[in-house]
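Contents: one structure, followed by commentary.
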Amino acid sequence: MDVEYHEEYIRNSRGVQLFTCRWLPFSSPKALVFLCHGYGMECSDFMKGVGLKLGSYGYAVFGIDYEGHGRSMGARCYIKRFDNIVNDCSDFFKSISGQKEYRRLKRFLYGESMGGAVALLIHKKDSAFWNGAVLVAPMCKISEKVKPHPVVISLLTRVEDVIPRWKIVPTKDVIDSAFKDPVKREEIRGNKLIYQEKPRLKTALEMLRTSMNLENTLHEVSLPFFVLHGEADTVTDPEVSKALYEQAGSTDKTIKLYQGMWHGLTSGEPDSNVEIVFSDIISWLDKRAGVDQAQATTTTIHHDQYNFTAAADVQQSAPPIIEKLAAASASASSPKKLESQTASFKKRSQGNYFCGLKGRRMHHHSSM
């Protein structure tokens with residue numbers, strides 16, 4: 001099916017110019033899908049594969065670059081308040097949904113990595129509005145083993161309003177571990193719209209707080225969702241998806257873990273694997289786009305088998321940002337020493353960063 005692509009700039013409630021794009025089928029769309037990209041990423045190029053694939057299967061797909069991301073205006077990857085991202089996306093998505101030609105269509109959220117957190121928070125703003133969500137390696141929980149000590153968070157919070165934009169959180173380049181296919185990996189590395197510098201202090205803390213808040217409220221997730229994760233993902237912890245599935249209050253929920261696949265399920269795997277993932281996503285969407293809402297929300301989960309796999313070969317750790325905060329907690333014997341370490345961040349060399357929670361392989365369960 002042919003797809004047409006459009007771009008448009010809008011202004012948010014704070015007057016910041018934001019980039020938006022859409023992939024539309026030439027026929028009447030089955031439903032609406034709204035994209036939430038990951039930290040440092042963007043929609044027009046990085047998520048083009050998602051837009052084209054879903055558009056070619058009859059879905060109207062809409063994307064927006066967060067403030068400071070991609071083609072949108074604002075300090076590069078500076079997240080002053082995570083709620084700003086959530087509100088901007090919610091406002092834009094609802095403005096599309098309210099247009100005359102789309103009012104009767106079902107509405108689905110699609111989030112990757114940090115975008116999974118964005119999607120879940122959009123849902124929580126108005127849970128009755130959304131018909132479902134596809135969550136690919138979502139950021140919504142921190143492993144207990146690497147959660148930063150409260151003292152670390154307290155000390156960094158004291159200076160976040162003094163040096164909020166400083167790129168002082170040292171991180172390593174995880175592109176090599178996020179995207180398996182070497183050709184696709186280098187294409188992603190060469191995308192100049194993707195932020196690849198060290199995270200800013202305020203950004204790191206906002207992401208940390210968001211993850212911790214979501215972790216404590218997973219039971220409030222009530223919409224139908226399909227969460228996907230690569231079992232060999234070392235960027236976001238597959239246990240995060242398991243926790244979401246087990247704790248969410250949704251009556252229609254599906255989880256699937258892909259053996260041997262990495263973090264970039266739709267963008268960094270070999271083409272054959274990408275096709276498997278998209279086939280599952282489209283199948284899940286088709287079933288829910290084609291049934292009444294009352295029927296969809298009472299769908300019974302069929303409990304198949306749990307297939308637990310050994311985790312000894314994969315080290316469990318934190319998001320690149322959170323990992324460094326936890327390390328500071330372990331090594332700092334006093335507030336003064338920690339403050340000294342924080343100050344020394346500024347002197348360290350820059351590194352690349354992609355949002356995520358490193359972790360171990362978990363289980364496979366699907367109700368599809």
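Positions are given from 1 along the sequence.
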Beyond-backbone contact of Trp23 with Val50, side-chain heavy atoms, under 4.5 angstrom:
no
**Request:** For Thr236 and Asp233, test the side chains for any donor-to-acceptor distance below 3.5 angstrom and give the result as yes or no.
**Result:** yes
Do the side chain of Lys53 and the main chain of Lys48 share a donor and acceptor less than 3.5 angstrom apart?
no
Output for pair (Ser13 OG, Asn84 CG), nearest 0.5 Å, gives 7.0 Å
Inset, instruction - Would you check, one step at a time, whether the test salt bridge (charged side-chain N to carboxylate O under 4.0 Å, His left out) holds for Glu160 with Arg209? - result: CA-CA 13 Å; Glu160 69 174 307; Arg209 284 188 285 254; 2.9 Å; yes
Q.
Side chains of Ser177 and Val235, heavy atoms from C-beta outward: is any pair under 4.5 Å?
A. yes
Hey, are the side chains of Leu18 and Met73 touching, using non-hydrogen atoms and a 4.5 Å cut-off? no
Taken to the nearest 0.5 Å, the spacing of Ser283 OG from Arg288 CZ works out to 8.0 Å
Check your understanding: Do the side chains of Trp262 and Tyr258 join up, straight or via other hydrophobic residues, at under 4.5 Å, putting them in one cluster?
Key -> no
task: Could you tell me whether a side-chain N or O of Ser56 sits under 3.5 Å from a main-chain N or O of Leu52, the two making a donor and an acceptor?
output: yes
Residues Leu214 and Ala117: closest non-hydrogen pair is CD1-CB, 3.5 Å
Show your reasoning for whether side-chain contact (heavy atoms from CB on, under 4.5 Å) applies to Leu54 and Leu285. CA-CA 10 Å; Leu54 298 185; Leu285 286 170; 4.2 Å; yes
Stepwise side-chain hydrogen bond (donor to acceptor under 3.5 Å, both in side chains) check, Lys124 with Ser222: CA-CA 9 Å; Lys124 291 175 67 174; Ser222 59; over 6 Å; no
Looking only at heavy atoms, the pair that brings Lys253 and Glu246 closest together is NZ-O, 4.0 Å
Q.
Counting only heavy atoms not in Lys80 (residues, nucleotides, ligands), do more than 12 fall under 6.0 Å from its NZ?
A. no
Q: Using the salt bridge (charged side-chain N to carboxylate O under 4.0 Å, His left out) rule, take Arg200 and Glu206 through it: C-alpha gap first, then chi angles, then the decisive distance, then the call.
A: CA-CA 10 Å; Arg200 303 174 190 271; Glu206 281 295 298; over 6 Å; no
Fill in: Enclosure of Phe82 CZ (heavy-atom neighbours >12, cutoff 6.0 Å)
yes
- Message: When you group the ILVMFWY residues by side-chain heavy-atom contacts below 4.5 Å and let the links chain together, are Leu218 and Met207 in the same group?
- Response: yes
Which of Cys77, Cys89, Ser72 passes side chain to side chain contact (heavy atoms under 4.5 Å, CB included) with Tyr66? It is Cys89
**Message:** Quick one, Val61 with Tyr5, criterion side-chain contact (heavy atoms from CB on, under 4.5 Å). Give me CA distance, side-chain angles, the key distance, then yes/no.
**Reply:** CA-CA 10 Å; Val61 184; Tyr5 174 75; over 6 Å; no
Do Tyr78 and Leu156 belong to the same hydrophobic cluster, where Ile, Leu, Val, Met, Phe, Trp and Tyr are linked whenever their side-chain heavy atoms lie under 4.5 Å apart, directly or via other members? no
Nearest heavy-atom approach of Leu265 to Val136 is CD1-CG1, 3.9 Å
Minimal heavy-atom distance between His229 and Ser241, with the atoms involved, is ND1-OG, 2.6 Å
For Cys43 and Asp65 the tightest heavy-atom approach is N-OD1, 2.9 Å
Is any side-chain N of the basic residue among Asp176 and Arg189 closer than 4.0 Å to the acidic one's carboxylate O?
yes
Original post:
Under 4.0 Å between a Lys/Arg side-chain N and an Asp/Glu carboxylate O for Lys192 and Glu42?
Top reply: no
Exercise. In terms of ring plane angle, is the pair Phe62 and Tyr102 parallel, tilted or perpendicular, where the classes change at 30° and 60°?
Worked result: perpendicular
CG (Asp91) and CD1 (Ile10) are apart, to the nearest 0.5 Å, by 8.5 Å
Taken to the nearest 0.5 Å, the spacing of Tyr39 OH from Ile85 CD1 works out to 10.0 Å
Note to self: Looking only at side-chain N and O atoms, does Glu7 offer a donor or acceptor that is under 3.5 Å from a partner on Ser44?
What the structure shows: no
Q) If you group Ile, Leu, Val, Met, Phe, Trp and Tyr by side-chain heavy-atom gaps below 4.5 Å, do Leu193 and Val118 land in one group? A) no
Query - Note, Ile194 side chain near His69 side chain (heavy atom, < 4.5 Å) - result: no
Exercise. Given the rule that I, L, V, M, F, W and Y join up when any side-chain heavy atoms are under 4.5 Å apart, are Val183 and Ile188 in one cluster?
Worked result: no
Problem - Side-chain ion pair, Arg22 and Glu4, N-O less than 4.0 Å - result: no
With no hydrogens and no angle check, do the side chains of Ser97 and Gln99 hold a donor and an acceptor under 3.5 Å apart? no
(message) Any non-hydrogen side-chain atom of Val277 less than 4.5 Å from a side-chain atom of Met261?
(response) yes
Using distance alone, with no hydrogens and no angle criterion, decide if Glu197 and Tyr195 have a side-chain donor and acceptor under 3.5 Å apart. no
| said: Looking at Lys202, is its backbone amide N or carbonyl O close enough to the side chain of Arg165 to form a donor-acceptor pair, meaning the two atoms are under 3.5 Å apart? | reply: no
Which of Val240, Leu120, Leu109, Val221 passes side chain to side chain contact (heavy atoms under 4.5 Å, CB included) with Leu135? Answer is Leu120
(Q) What I want to check is whether the side chains of Asp286 and Tyr59 have a donor and an acceptor closer together than 3.5 Å. (A) yes
Requested in this report: State whether a side-chain donor-acceptor pair under 3.5 Å links Tyr245 with Gln247.
Outcome: no
Kindly say whether Ile122 contributes a backbone atom to a donor-acceptor pair with the side chain of Asp126 at under 3.5 angstrom?
no
**Item:** Ser95 (side chain) donor-acceptor with Phe92 (main chain) under 3.5 angstrom
**Value:** yes
To the nearest 0.5 Å, atom OH of Tyr9 lies from atom OG1 of Thr20 at 9.0 Å
Test log, rule side-chain contact (heavy atoms from CB on, under 4.5 Å), inputs Glu8 and Cys21
CA-CA 6 Å; Glu8 181 183 11; Cys21 55; over 6 Å; no
- Decide salt bridge (charged side-chain N to carboxylate O under 4.0 Å, His left out) for Lys184 and Asp271; before the verdict, give the C-alpha distance in whole Å, the side-chain angles of both, and the deciding distance to 0.1 Å. CA-CA 10 Å; Lys184 295 179 180 180; Asp271 290 345; 2.7 Å; yes
**Asked** Passes ring pair (Phe, Tyr, Trp, His ring centres under 6.0 Å), Phe34 versus Trp130? Steps please.
**Response** CA-CA 11 Å; Phe34 298 95; Trp130 302 101; 5.8 Å; yes
| query | Checking side-chain contact (heavy atoms from CB on, under 4.5 Å) for the pair Val86/Lys125: CA distance, chi angles, key distance, verdict? | reply | CA-CA 9 Å; Val86 176; Lys125 282 176 61 70; 3.6 Å; yes
Closest non-hydrogen atoms of Arg185 and Phe179, given as atom of the first, atom of the second and distance, are NE-O, 2.9 Å
*State, yes or no, whether a side-chain contact exists between Phe108 and Phe226 at a heavy-atom distance under 4.5 Å.*
no
Exercise. Do Leu223 and Ser127 touch side chain to side chain, with heavy atoms closer than 4.5 Å?
Worked result: no
(Q) Quick check: do Val227 and Thr254 have side-chain heavy atoms less than 4.5 Å from each other? (A) no
CG (Asp2) and CG (Leu24) are apart, to the nearest 0.5 Å, by 12.5 Å
